[in-house]
Amino acid sequence: MREVYLDYAATTPLDPRVKKAMESYWDKEFGNPSSLHKLGRRAKEAVAKARMTISRILNCGPEIFFTSGGTESINLAIFGIVHKYDLAKTKSRTGTRLSLGQKRGHIISTKIEHHAVLKALEELEKEGFEVTYLNVDQYGVINTEDVKKTLRPDTILVSIMYANNEIGTIEPIKEIGKIIKEYRRQKPEIDEKTPFFHSDACQAAGFLGLDVEKLGVDLLVINGSKIYGPKGIGALYIRRGIKIEPLIYGGGQEGGFRSGTENVPGIVGLAKALELAQQEKNKESRRLTGLRDYFINEIKKVVPDAVLNGHPINRLPNNINISIPGIEGEAVVIYLDQKGVFISTGSACSSTSLEPSHVITALGRGKEYASSSLRFSLGGKTIQSDLDYVLKVLPRVVSKLSFSSRQRAFVQTR
Ligand SMILES: *Cc1c(COP(=O)(O)O)cnc(C)c1O
């Protein structure tokens with residue numbers, strides 16, 4: 001049976017060129033970068049070289065810190081900054097006694113962030129920080145005016161993703177970066193360095209520019225598993241001069257921000273994957289945009305109820321997200337799996353309850369749109385005949401499921 005993988009936004013296969021670059025670091029060059037001898041020095045050099053490759057792409061100095069992935073980088077960025085610039089702490093440093101219920105600071109984010117961001121912010125709320133979750137419009141785009149209006153003297157951090165993992169919408173990061181910079185310049189003094197701007201670029205790294213000066217970000221997160229690199233490796237850019245609290249304490253690796261023996265093969269692989277992704281992004285974007293728009297056009301002909309989620313143009317070249325109201329997304333995923341088509345739904349399913357996607361919900365459509373959303377994410381090996389196969393099998397799956405849901409409704413009304 002034909003197998004069609006359309007879940008590249010969940011993870012990508014390792015590029016053979018990345019695999020080759022990593023190869024010798026598993027066994028031949030296995031040294032610990034902290035060791036003083038030749039093998040250690042060679043491993044240290046490999047890590048330094050990888051850092052330089054990434055720095056060049058991000059247009060920054062060596063302020064790149066390696067972690068175990070996107071999730072850890074995001075947690076390090078958010079907790080690291082917010083705990084360092086905790087207003088309660090700032091006051092206590094200058095001798096002011098802390099009173100109970102002391103304001104600790106304000107954070108701005110959005111309703112459509114990845115759970116790595118949202119769950120970290122939930123924890124900070126429990127600690128007494130205040131978080132504003134900005135709304136998005138019907139396409140999932142943040143209104144930059146809302147950012148401007150929400151900034152306050154006690155805002156420590158603004159965390160807004162570069163591109164959304166479910167619906168592919170690209171956020172106006174540059175404009176937000178400018179707004180924050182301008183606010184920082186004019187703000188009444190509490191801590192003149194704040195607010196800092198963090199962006200989760202895990203989905204964007206394969207297709208969009210990552211120049212941190214152009215973007216105006218202070219912290220940026222990328223990972224290997226979404227760009228044909230290895231899983232379990234990520235990086236955090238922290239603008240020079242900004243201090244953070246570590247999450248992990250120990251031997252003081254990665255400038256003390258992230259202790260633990262470096263994942264040398266992973267680090268080498270991440271740098272190689274990012275280098276290739278950025279070299280090939282324009283060509284690959286053009287190719288995938290063509291396939292994406294072909295599928296979006298065709299799907300409307302064969303499944304007339306299908307509605308596109310996310311922005312019609314300003315979206316990642318590889319992302320297609322549709323809702324078919326009345327059809328449970330999970331059911332479609334399971335039926336398509338049986339036909340050899342591997343996709344995702346926006347909604348996370350637990351054993352007892354179907355929790356509709358928080359991203360589709362934030363678009364302001366009904367609940368039936370959130371629980372019926374389907375994500376087809378294209379990638380390196382996707383060709384038009386893969387999409388034609390899906391266009392052939394999907395309508396059958398949909399009609400089967402809509403028949404059984406009509407039957408259920410009929411039984412319920414009797
Ligand atoms: C995958 C992803 C993450 C999490 O990265 P891991 O490496 O799996 O920890 C975070 N944010 C976005 C947007 C992602 O797509």
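One-based numbering, in listed order, for ligands and for the atoms of each. Atom set for the values below is all heavy atoms of this structure, side chains included, hydrogens, waters and symmetry mates excluded.
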Distance under 4.0 Å to a non-hydrogen atom of Gly69: what atoms of ligand 1 satisfy this?
7 (O)

Where is the nearest protein heavy atom to [atom]: which residue, which atom, and how far?
atom	answer
atom 3 (C) of ligand 1	His114 NE2, 3.5 Å
atom 9 (O) of ligand 1	Thr71 OG1, 2.6 Å
atom 13 (C) of ligand 1	Asp200 OD2, 3.2 Å
atom 2 (C) of ligand 1	Lys226 NZ, 2.4 Å
atom 5 (O) of ligand 1	Asn223 ND2, 3.0 Å

Nearest 0.5 Å, please: how far is CG in Leu219 from CZ in Phe197?
10.0 Å

Look at the rings of Phe79 and His83 and say which category their plane angle falls in: under 30° parallel, 30 to 60° tilted, over 60° perpendicular.
tilted

Fit a plane to each ring of Phe65 and Phe257, take the angle between them on a 0 to 90° scale, and name the class: parallel (under 30°), tilted (30 to 60°) or perpendicular (over 60°).
perpendicular

Check: Gly70 N/O within less than 3.5 Å of ligand 1 N/O:
yes

Positive for salt bridge (Lys or Arg N to Asp or Glu O under 4.0 Å) with Arg51, one of Glu63, Glu262, Glu254
Glu254

Centroid-centroid distance, Phe196 to Tyr85, less than 6.0 Å:
yes

Ile74 to ligand 1, any heavy atom closer than 4.0 Å
yes

Using a 4.0 Å heavy-atom cut-off, which part of Ala116 comes near ligand 1: side chain, backbone, both, or neither?
neither

How does Lys231 reach ligand 1, if at all, at less than 4.0 Å between non-hydrogen atoms: by side chain, backbone, both, or neither?
neither

Under a 4.0 Å threshold between the charged nitrogen and the carboxylate oxygen, would Glu23 count as salt-bridged to Lys20?
no

Any ion pair linking Glu175 and Lys148 (charged N to carboxylate O, less than 4.0 Å)?
no

